[in-house]
Protein chains: 2
Amino acid sequence: MTTRAARAAPRYAQVAADLRAEIQRGDYGAGSAMPTESALCARYGVSRFTVREALRQLQAEGLIRRRRGSGTVVDPDGGSALRQSLTDVKELLQYASGSTYQFEPVGPVVLSPQRARDLNAEAGERWHLFEGLRTMAGHHRPIAYTAAYVHDAFAAVVPKVRRGETIFRQLERLGGIKIAKVTQDIRAIGAGAREAELLKVPRRSPCLSILRCYVDTTGRIVEMSLSVHPGDLFTYSMHIDEV
Amino acid sequence: MTTRAARAAPRYAQVAADLRAEIQRGDYGAGSAMPTESALCARYGVSRFTVREALRQLQAEGLIRRRRGSGTVVDPDGGSALRQSLTDVKELLQYASGSTYQFEPVGPVVLSPQRARDLNAEAGERWHLFEGLRTMAGHHRPIAYTAAYVHDAFAAVVPKVRRGETIFRQLERLGGIKIAKVTQDIRAIGAGAREAELLKVPRRSPCLSILRCYVDTTGRIVEMSLSVHPGDLFTYSMHIDEV
DNA sequence: CAGTGGTCTAGACCACGCG
DNA sequence: GCGTGGTCTAGACCACTGG
């Protein structure tokens with residue numbers, strides 16, 4: 001039944017999704033061996049290329065570790081909720097699963113010189129601002145305050161943006177574009193007056209600031225967002241393989 | 001002359017290095033087209049697989065951007081000194097090129113409960129401490145204070161560790177192991193008494209803290225390092241492709 | 001429409017880990 | 001020595017971009 005119906009994902013993505021589900025279901029004990037490449041080729045009826053592409057994806061997500069000569073094993077840290085890989089955008093979005101994010105449109109704004117400097121943009125430009133707080137079940141203090149700026153080229157679709165899905169995904173769908181790259185600049189800052197009030201932290205207390213720029217396939221900056229996290233509530237975890 | 005002499009890097013790495021040098025030399029104007037895959041196949045006399053593997057590496061480093069149907073272009077931000085990709089360990093090490101790093105062995109230490117908590121480790125364990133400062137040409141203030149802890153299993157090689165090369169590379173060589181993974185936890189903290197003094201910042205001022213764990217192929221933590229950067233001098237930049 | 005990069009096959013040889 | 005994953009070849013078809 002591989003008829004039409006949405007033209008389906010590539011084979012390697014399907015294999016990866018299947019194996020990811022098995023890993024997270026715990027079919028292979030943490031630290032224990034997974035099937036070899038040739039076994040997976042037989043099981044899915046695909047070539048080694050396809051299997052390796054799927055495994056490459058899982059490795060990038062930090063779920064598995066591979067060694068020439070010995071084999072493929074499930075990464076013991078990989079499943080831990082504490083160390084959540086964020087090198088992948090899919091996880092970058094749903095990061096801190098169990099958290100909820102509420103944002104509201106504020107309206108069009110013209111960047112002040114101060115804001116422009118924070119955002120690494122030009123003063124005087126017109127952007128459409130959304131403000132939001134991310135809260136975590138069980139915490140009375142928010143874990144993030146976010147200001148998101150959408151480029152004026154999308155003024156027509158801004159009123160259609162809804163909660164429940166990330167802004168940039170909606171811009172892709174409503175604006176007919178595709179985000180090709182996300183850049184992140186991570187810094188430590190002292191809480192400003194507004195952040196301090198909303199995040200319920202003392203003014204000037206250490207906060208993690210994450211500036212994200214969403215770039216489409218043609219290289220235009222479509223959206224910028226500036227998130228501020230209380231230093232005591234938030235850690236950005238990542239991993240790097242193939243040193 | 002591809003005789004022996006160190007068994008050489010894989011072909012795709014050589015192709016990648018060659019293209020990287022050309023890009024950084026400015027042979028292709030930023031934003032302009034690079035040779036197509038088939039052109040590179042012909043030029044280097046290799047298969048498309050090898051060329052694609054090389055280009056995949058350059059893409060992961062943020063140097064190029066690719067689009068089906070149109071082609072491969074040099075990423076306009078990629079060459080910028082301001083936005084330096086750090087998703088690759090090679091750059092993670094020589095990050096902020098132009099900076100110098102001086103460290104000194106302090107000796108064996110037994111982790112206090114406080115330190116153990118900072119490092120996410122067990123109190124009472126014995127580690128070998130190195131302390132260092134990273135300074136940048138033209139700045140009178142250091143951009144980082146680093147405390148690096150080497151596992152007691154490497155007590156024998158600790159006295160042989162020298163400046164001028166990263167500690168973990170020396171552990172690989174001297175200890176006969178291989179680092180397979182590096183994890184990073186990035187947080188915002190307030191400067192403690194010692195950091196404040198060494199970094200010449202006020203106490204409790206916002207700083208970026210980076211805790212790195214170096215894990216070998218068997219899953220053991222070989223080294224941990226805790227770097228503290230003044231918030232106003234240091235930004236951690238990264239990028240994510242294939243959203 | 002021709003040409004690009006994305007996916008995929010069926011082979012091959014090799015370096016490495018382990019028994 | 002055997003099986004693992006890492007590298008590599010020479011093909012193929014497809015989706016997409018652009019003129």
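B:H128 meets the ring pair (Phe, Tyr, Trp, His ring centres under 6.0 Å) test with no other residue; sequence neighbours excluded. With sequence neighbours excluded, no residue forms a salt bridge (charged side-chain N to carboxylate O under 4.0 Å, His left out) with A:R11. For the side chain to side chain contact (heavy atoms under 4.5 Å, CB included) test, residues two or more places apart in sequence or in another chain that qualify with A:P105 are A:F130. With sequence neighbours left out, B:R126 forms a side-chain hydrogen bond (donor to acceptor under 3.5 Å, both in side chains) with B:D152. Taking B:R115 as the reference, B:Y149 meet the side-chain hydrogen bond (donor to acceptor under 3.5 Å, both in side chains) condition, with sequence neighbours excluded.
Counted by atom type alone, A:D185 and B:T235 present zero donor-acceptor pairs between their side chains at under 3.5 Å.
Following rounding to the nearest Å, B:Y44 (OH) and D:dA10 (P) show an atom-to-atom distance of 18 Å. Taking atom CD of residue A:E53 and atom C1' of nucleotide D:dG5, one finds them 15 Å apart after rounding to whole Å. Nucleotide D:dT4 holds its C1' atom 17 Å from the CZ atom of A:R65, rounded to whole Å. Following rounding to the nearest Å, A:L58 (CG) and D:dG5 (P) show an atom-to-atom distance of 13 Å. One interatomic measurement links the two molecules: CZ of A:F49 to P of D:dC13, which rounds to 16 Å at whole-angstrom precision. We find that NZ of A:K178 is positioned 10 Å from P of D:dT17, with the value rounded to whole Å.
Listed pair B:T50 / D:dT7 fails the phosphate criterion, with no side-chain N or O lying under 4.0 Å from OP1 or OP2.
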Protein-nucleic acid N or O pairs under 3.5 Å, nucleotides 3-6 of chain C:
{"unit_1": "C:dG3", "atom_1": "N2", "unit_2": "B:G69", "atom_2": "O", "d": "3.3"}
{"unit_1": "C:dT4", "atom_1": "O2", "unit_2": "B:G69", "atom_2": "N", "d": "3.0"}
{"unit_1": "C:dG5", "atom_1": "OP1", "unit_2": "B:T72", "atom_2": "OG1", "d": "3.2"}
{"unit_1": "C:dG5", "atom_1": "OP2", "unit_2": "B:E37", "atom_2": "N", "d": "3.0"}
{"unit_1": "C:dG6", "atom_1": "OP2", "unit_2": "B:R52", "atom_2": "NH1", "d": "3.0"}
{"unit_1": "C:dG6", "atom_1": "OP2", "unit_2": "B:R52", "atom_2": "NH2", "d": "3.3"}
{"unit_1": "C:dG6", "atom_1": "OP2", "unit_2": "B:R66", "atom_2": "NH1", "d": "3.0"}
{"unit_1": "C:dG6", "atom_1": "N7", "unit_2": "B:R48", "atom_2": "NH2", "d": "2.6"}
{"unit_1": "C:dG6", "atom_1": "O6", "unit_2": "B:R48", "atom_2": "NH1", "d": "2.9"}
{"unit_1": "C:dG6", "atom_1": "O6", "unit_2": "B:R48", "atom_2": "NH2", "d": "3.4"}

